[in-house]
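Shown next, in structure tokens, is the structure this report addresses.
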Amino acid sequence: MAPSDRLDRRSFLKAAGGATAAAALAGCTGNDGEGQGTTSSGDGSKQLLTYARGSDSSSLDPQATTSGEDAKVMNQIYDRLIGFKPGGSSLVAGLAEKYELKGKTATLTLRQGAKFHNGEEFTADDFIATYRRFVDENYKHFVGKKNQSIYGPYLLGTVKDVKKDGDYTLKFTLKKKYAPFLANLAVFALAVLPKSLIESETKVGDDPVGTGPFKFDNWNTGNQRIRLTANGDYWGDGPKVDEVVFTAVSQNTTRAQTLDSGGADIIDGIGAQAASVVKGSSNASLKKVAGMTIGYMAFNLPRVKEFQNKKVRQAINHAIDTKGIVENIYRGQAVQASQPVPPTVMGHNKNVSPYEHDPEKAKSLLEKAGYGDGFSFELATMTNPRPYFASPKQTAQTVKSNLSEVGIDVTIKEQKWDAHLTYTAQGKHDACFLGWISDNADPDNYYSPLLDHPDLSVDDVPKGQDWVSFDTEGANSGNRANWANTEFMKLVGQGQSTYDSAKRKETYKKIGKLTHDEAPWVFMTHTQVLRGVGNNVKGFKIAPISGPFLNIVSLE
């Protein structure tokens, strides 16, 4: 059922009473080209679940994207070898029923009888082809350096070899002991593709085929809607609805009004104002849990010489009023950040406090650094709300105002999400807003992809500097600061190489303190995970990582 159908059923326009909502939804209704849907009533007609978010997907190829918007959809279509418990962070069986990691060897026993949407049965050969497509440059069907996301080298960089033992056993040999490995296999980017699809050179992003609970139907990019249909042969729980539509409604409050009026069943990307709308709705409720997010402002060290001075980075941290941002923009739906890892994740150092808002101290640090007269830079930000930046425009304006008080002139460059990602990945920004939702609840998942360079050794970092240029071979483009602190790099290696949880925890606490003090970012916020859920939705579990788990959701 298209949103327009649901609007008719619940008299959306009357309930919303707002021209704004009507105008915003105009682009989301109408014919998808595949015909109109049906209502979700219990009269024997099809049940359609509508999930509204801030922006459309950019790709449905799990090996060619880092975007959470893409992951939301792909998590319905594909499975990984290992999954997460819905609503939690513990690992559960996926396409592998059993798994263990001992020393440098991981052994996985695969599920029998799981089928891809094209009817083919999943075997070890499918994962090996998926693996080779992602990271093996000698494989004829390698995804390509240009398309390969940072997740390939990051998640699989420690794999020396993977072999099958029969059709249903995989053995990984690792280059070194690597504690996060099993959790890494649960990350969306390691979704398993059918070997036949890979070898036929089908464009995975245009016609995705997985073993997941929902099959890809169509993607109307004009209306920013992706339609999925239930996989009746799914090996796991559900699905319990016949169809799912992901639709984009860019304005937070409009999206909340859409939920209130029945135009959507579940919404995300909720800011403080939208949360108020949902709280006031008689048709929906606000669900929330502590998040595993970090929102940050990265300094582009190789591009802006002022940022290469630690005192300048610390000064800017003191100048920006993150407490005020939490109170006035997020209105309590977030907490101040002091380090990359949030309080909900092992290794967070509770003895490290957020930078105090102290403009005078900021001025003093700038004076000591030789920039008492100030300087200027461009702050790149996305226009679309993100789970870790629910109101990026308002936050950027606050940063600009705060920094003007200490003599720093900021020019704001706003772009849509996809353009913003490309711009910053190419290192064109001076500073930028970005954020992260944990992929696997492991502290390494914050430090390795965002601040480390897994393909560089400490010897690759020029002496006397704590950064590398964006064109350095092996540099990690996920590290938008291109910070390369050798002490940090050594500690990250230590955290990866021990399987002793207590030792790992202490190592990551040290890393948290070091990162705070060196300040390659302004540590902005850890946001709560907020979802607006219609009263007609049953079984939905809000998830701090992975998900949404729409296979276990039903409609009344």
(request) For residues Pro302 and Asn482, determine if any side-chain heavy atom of one lies less than 4.5 Å from a side-chain heavy atom of the other. (result) yes
(message) Less than 3.5 Å apart, any donor N or O on the side chain of Asn445 or Trp436 sitting next to an acceptor on the other?
(response) yes
(message) Counting neighbours of CD on Glu473 that are heavy atoms of other residues, nucleotides or ligands and sit closer than 6.0 Å, is the number greater than 12?
(response) no
(message) If you apply the rule side chain to side chain donor-acceptor pair (under 3.5 Å), what do you find for Asn349 with Tyr508, and how did you get there?
(response) CA-CA 8 Å; Asn349 191 333; Tyr508 285 108; over 6 Å; no
(message) Among residues at least two apart in sequence or on other chains, which ones pass salt bridge (charged side-chain N to carboxylate O under 4.0 Å, His left out) with Glu97?
(response) Arg111
(message) Restricting to ring-ring contact (aromatic ring centres under 6.0 Å, His included), what partner residues turn up for Tyr447, sequence neighbours left out?
(response) Phe488
(request) To the nearest 0.5 Å, tell me how far Lys171 NZ sits from Asp165 CG. (result) 6.5 Å
(request) Output the distance between atom CZ (Phe122) and atom CG (Asp167), rounded to the nearest 0.5 Å. (result) 10.0 Å
(request) State which residues pass side-chain contact (heavy atoms from CB on, under 4.5 Å) with Lys145; sequence neighbours excluded, sorted by chain then number. (result) Glu137, Phe142, Gln148
(request) Identify the two heavy atoms, one from Asp517 and one from Lys513, that lie closest to each other, and give their separation to 0.1 Å. (result) OD2-NZ, 2.5 Å
(request) Would you please indicate yes or no on a ring centroid separation below 6.0 angstrom for Tyr355 and His516? (result) yes
(message) The test is side chain to side chain donor-acceptor pair (under 3.5 Å); show your working for Ser58 and Asp70 and say whether it passes.
(response) CA-CA 6 Å; Ser58 59; Asp70 301 343; 2.8 Å; yes
(request) Find the distance between OH (Tyr99) and CG (Leu108) and round it off to the nearest 0.5 Å. (result) 9.0 Å
(message) Assess whether a salt bridge exists between Glu120 and Lys195, defined as any Lys/Arg side-chain N lying under 4.0 Å from an Asp/Glu carboxylate O.
(response) no
(request) Please name all residues satisfying salt bridge (charged side-chain N to carboxylate O under 4.0 Å, His left out) with Asp136, sequence neighbours left out, ordered by chain then number. (result) Arg132
(message) Going by salt bridge (charged side-chain N to carboxylate O under 4.0 Å, His left out), name the residues that satisfy it together with Arg133, two or more places apart in sequence or in a different chain.
(response) Asp61
(request) Give, for atom OG of Ser457 and atom NZ of Lys490, the distance between the pair rounded to the nearest 0.5 Å. (result) 10.5 Å
(message) For Thr498, give me all partners under side-chain contact (heavy atoms from CB on, under 4.5 Å), at least two apart in sequence or on another chain.
(response) Asp500, Lys503, Arg504
(request) Just jot down the side-chain contact (heavy atoms from CB on, under 4.5 Å) partners of Lys175, sequence neighbours excluded, or say none. (result) Lys160
(message) Is there a side-chain contact (heavy atoms from CB on, under 4.5 Å) between Val537 and Ile266? Walk through the geometry before answering.
(response) CA-CA 8 Å; Val537 175; Ile266 302 171; 4.3 Å; yes
(message) Under 3.5 Å, is there a donor on one side chain and an acceptor on the other for Gln494 and Thr507?
(response) no
(message) Run the side-chain hydrogen bond (donor to acceptor under 3.5 Å, both in side chains) test against His453 and tell me which residues pass, sequence neighbours left out.
(response) Asn479
(request) Classify the side-chain pair Gln496/Asp444 by whether it contains a donor and acceptor separated by less than 3.5 Å. (result) yes
(request) Could you tell me whether the side chains of Asp439 and Tyr151 share a donor-acceptor contact shorter than 3.5 Å? (result) yes
(message) Less than 4.0 angstrom from a charged side-chain N to a carboxylate O is my criterion; do Lys509 and Glu506 meet it?
(response) yes
(message) Evaluate Thr515 against Gln339 for side chain to side chain donor-acceptor pair (under 3.5 Å), listing each step before the verdict.
(response) CA-CA 7 Å; Thr515 308; Gln339 57 201 288; over 6 Å; no
Sequence neighbours excluded and cut-off under 3.5 Å, please list the side-chain donor-acceptor pairs for residues 73-94, or say none.
unit_1, atom_1, unit_2, atom_2, d
Asn75, ND2, Ala71, O, 3.3
Asn75, ND2, Gly547, O, 2.9
Gln76, NE2, Lys72, O, 2.9
Gln76, NE2, Pro548, O, 2.7
Tyr78, OH, Leu60, O, 2.9
Asp79, OD1, Tyr234, OH, 3.3
Asp79, OD2, Thr211, OG1, 2.6
Asp79, OD2, Trp235, NE1, 2.9
Arg80, NE, Ala186, O, 3.0
Arg80, NH2, Ala186, O, 3.2
Arg80, NH2, Ser546, OG, 3.3

(request) Evaluate the side-chain proximity of Ser196 to Asn118: yes if any heavy-atom separation is below 4.5 Å, no if none is. (result) yes
(request) Give me the ring orientation class for Phe433 and Phe389: parallel if the planes are under 30° apart, tilted from 30 to 60°, perpendicular past 60°. (result) parallel
Which pairs of donor and acceptor atoms, one on a side chain in residues 287-298, lie under 3.5 Å apart (sequence neighbours left out)?
unit_1, atom_1, unit_2, atom_2, d
Thr293, OG1, Thr527, N, 2.9
Thr293, OG1, Thr527, O, 3.4
Thr293, OG1, Thr527, OG1, 2.9

(request) Show your reasoning for whether salt bridge (charged side-chain N to carboxylate O under 4.0 Å, His left out) applies to Glu199 and Lys140. (result) CA-CA 8 Å; Glu199 296 189 346; Lys140 180 180 178 182; over 6 Å; no
(request) Applying side-chain contact (heavy atoms from CB on, under 4.5 Å), run through Tyr423 and Gln415 and close with a yes or a no. (result) CA-CA 9 Å; Tyr423 185 76; Gln415 298 180 90; 3.3 Å; yes
(message) Is the ring pair Phe523/Trp521 parallel, tilted or perpendicular, if the boundaries are 30 and 60 degrees?
(response) tilted
(message) Give me the atom names and distance for the closest heavy-atom approach of Asn476 to Leu450.
(response) ND2-N, 4.3 Å
(request) Could you check Asn551 against Lys240 for side-chain contact (heavy atoms from CB on, under 4.5 Å), going step by step and ending with a plain yes or no? (result) CA-CA 6 Å; Asn551 58 305; Lys240 299 180 179 180; over 6 Å; no
(message) Between Lys164 and Asp125, does any NZ, NE, NH1 or NH2 come within less than 4.0 Å of an OD or OE carboxylate oxygen?
(response) yes
(request) Start with the C-alpha distance between Asn184 and Tyr178, add both sets of side-chain angles, then the distance that settles side chain to side chain donor-acceptor pair (under 3.5 Å), and finish with yes or no. (result) CA-CA 10 Å; Asn184 281 359; Tyr178 185 62; 3.1 Å; yes
(message) Applying side-chain hydrogen bond (donor to acceptor under 3.5 Å, both in side chains), can you list everything that pairs with Thr525, at least two apart in sequence or on another chain?
(response) none
(message) If you apply the rule side-chain contact (heavy atoms from CB on, under 4.5 Å), what do you find for Met489 with Val461, and how did you get there?
(response) CA-CA 10 Å; Met489 295 167 73; Val461 182; 3.9 Å; yes
(request) Report the residues that fulfil side-chain contact (heavy atoms from CB on, under 4.5 Å) with Asn384, sequence neighbours left out, ordered by chain and then residue number. (result) Ser55, Lys416, Trp417
(request) To the nearest 0.5 angstrom, please state how far the OG1 atom of Thr50 sits from the CZ atom of Arg227. (result) 8.0 Å
(message) Quick test of your reading of the model: are Arg53 and Asp56 salt-bridged, counting only N-O distances below 4.0 Å?
(response) yes
(request) May I ask you to check whether over 12 heavy atoms, not counting those of Lys177, lie within 6.0 Å of atom NZ? (result) yes
